[in-house]
*Asks:* 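Below is the structure I would like to discuss, written out as structure tokens.
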Amino acid sequence: MTEPLIEIVGLTKCFPIVAGLFKRTVAHVRAVDHVGFTIGKGETLGLVGESGCGKTTTARLILRVIERTSGRMTFHLDGRTVDLGALHGEELRRFRRHMQLIFQDPFSSLNPRMTVLDLIAEPLRAHHVGTRKDIEDRVKELVEVVGLKVEFLRRYPHAFSGGQRQRIGIARALALNPELVICDEPVSALDVSVQSQIVNLLRDLQERLGLTYLFIAHDLSVVENISTRVAVMYAGRIVELTETGRLFHHPRHPYTEALMNALPKPDPALKTPRIILPGEVADPSNLPSGCAFHPRCRYAQERCKVEVPPLQNPSGDHAVACHRAEELALQGIKVV
């Protein structure tokens, strides 16, 4: 891995559950539970998992949209180390220009009463970057970079297709020249034919501008196409983290194996036994004892029911949180 841009250690977020006449806290939802990873400069870390596993909450914690319960977030910028959790007020507002977000829904994330020019210029104006002429020149440059025409600047979001609106969102995220861009399922609301165009655009922009991505997605085929490494989350925890090719072809966690098994097969003649996970995703307000995945795991033993597996080899080339990782031979994606 290259020089780290951001390091996350023990990141935890608990939302209180209140009940009764006096609104007392009776329990907590552990949305993110001791999550840790490092993203190197210029790489893309894919973050995958079922809905409700904590992917978007993790992104919001990094952006300081919501406050963490515990943990450390360290940003390395221009030879200095910044503790993201220690930033407040104006200092935090100024630092936000280094971290930007591409939203999932390209329509609801754009103000329908603002033109393309105003939408892309909004972060520049909020951070008081340049004169009016400088801002307009920058917007024109960004529009061309993301593959749109300058003639579109006076139009409103409803006049564009989903793919074009997402390009506007990408241009807005790049306006302040951020080092880290968090892509929160940026293609899930788009047609399949448009998804590949947006993914290719993101890769081109990464090479051209030296961007670093945290790419959140449900679609594993998209993650495989863009990510350098992949982290798999389940019930608020990272259960596996490694290089993309190794994860897809040699998974070591049973949950990852089940995700790979659910992917469509490129060859109709390729027959593999279906892995159907019983039950539902673990309730983060009432997690099972031991490994949170054990009620759905076909390899579970008594130890899995009582002992939480630690993330083994967290700083190595293949981290996994499974008691039986060394003895299981799990099935990845077969090469056709």
*Asks:* Do Ser285 and Asp283 have a side chain donor and acceptor closer than 3.5 Å?
*Replies:* yes
*Asks:* Would you find a donor on one side and an acceptor on the other, under 3.5 Å apart, between the side chain of Thr242 and the backbone of Asp317?
*Replies:* yes
*Asks:* Measuring from atom NE2 of His249 to atom CD of Glu224, what distance do you get when rounded to the nearest 0.5 angstrom?
*Replies:* 6.0 Å
*Asks:* Roughly how far, to the nearest 0.5 Å, is SG of Cys183 from CG of Leu202?
*Replies:* 5.0 Å
*Asks:* What heavy-atom pair brings Ala217 and Val223 nearest, and what distance separates the two atoms?
*Replies:* CB-CG2, 3.6 Å
*Asks:* Checking one residue: Leu330. Which other hydrophobic residues are in its cluster under the side-chain 4.5 Å linking rule?
*Replies:* Tyr299, Leu328
*Asks:* If I take atom CZ from residue Arg237 and atom CZ from residue Phe293, how far apart are they, to the nearest 0.5 angstrom?
*Replies:* 15.5 Å
*Asks:* side-chain hydrogen bond (donor to acceptor under 3.5 Å, both in side chains) between Glu7 and His76: does it pass, once the steps are laid out?
*Replies:* CA-CA 8 Å; Glu7 295 179 89; His76 300 277; 2.5 Å; yes
*Asks:* Does the side chain of Thr56 come under 3.5 Å of the side chain of Asp184 through a donor N or O and an acceptor N or O?
*Replies:* yes
*Asks:* Which atom names give the shortest non-hydrogen contact between Arg97 and Val129, and what distance separates them?
*Replies:* NH2-CG2, 4.0 Å
*Asks:* Kindly determine whether Thr228 and Glu243 satisfy side-chain hydrogen bond (donor to acceptor under 3.5 Å, both in side chains), including the steps that lead there.
*Replies:* CA-CA 6 Å; Thr228 311; Glu243 182 267 333; over 6 Å; no
*Asks:* The test is side-chain hydrogen bond (donor to acceptor under 3.5 Å, both in side chains); show your working for Ser51 and His218 and say whether it passes.
*Replies:* CA-CA 8 Å; Ser51 295; His218 282 105; 3.1 Å; yes
*Asks:* Tell me whether Glu280 at atom CD has more than 12 heavy atoms from other residues, nucleotides or ligands lying less than 6.0 Å away.
*Replies:* no
*Asks:* Between Met99 and Ile182, does the side-chain contact (heavy atoms from CB on, under 4.5 Å) criterion hold? Intermediate values first, please.
*Replies:* CA-CA 8 Å; Met99 307 179 297; Ile182 296 180; 5.9 Å; no
*Asks:* We want to know whether Ser188 and Gln104 form a side-chain donor-acceptor pair, criterion being a heavy-atom distance below 3.5 angstrom.
*Replies:* yes
*Asks:* Taking atom CZ as the centre, does Arg68 end up with more than 12 heavy-atom neighbours from other residues, nucleotides or ligands that are less than 6.0 angstrom away?
*Replies:* yes
*Asks:* Kindly check if the number of other-residue, nucleotide or ligand heavy atoms within 6.0 Å of CZ (Arg203) is above 12?
*Replies:* yes
*Asks:* Any idea how Tyr156 and His158 line up, ring-wise: parallel (<30°), tilted (30 to 60°), or perpendicular (>60°)?
*Replies:* parallel
*Asks:* With Arg252 as reference, evaluate Gln312, Glu240, Glu326 under the side-chain hydrogen bond (donor to acceptor under 3.5 Å, both in side chains) test and give the passing residue.
*Replies:* Glu326
*Asks:* Quick check on the hydrophobic clustering: are Val9 and Ile39 connected, directly or via other members, by side-chain heavy-atom contacts under 4.5 Å?
*Replies:* no
*Asks:* So Glu50 and Arg296, salt bridge (charged side-chain N to carboxylate O under 4.0 Å, His left out) or not? Walk me through it.
*Replies:* CA-CA 14 Å; Glu50 293 173 278; Arg296 309 176 72 192; 3.3 Å; yes
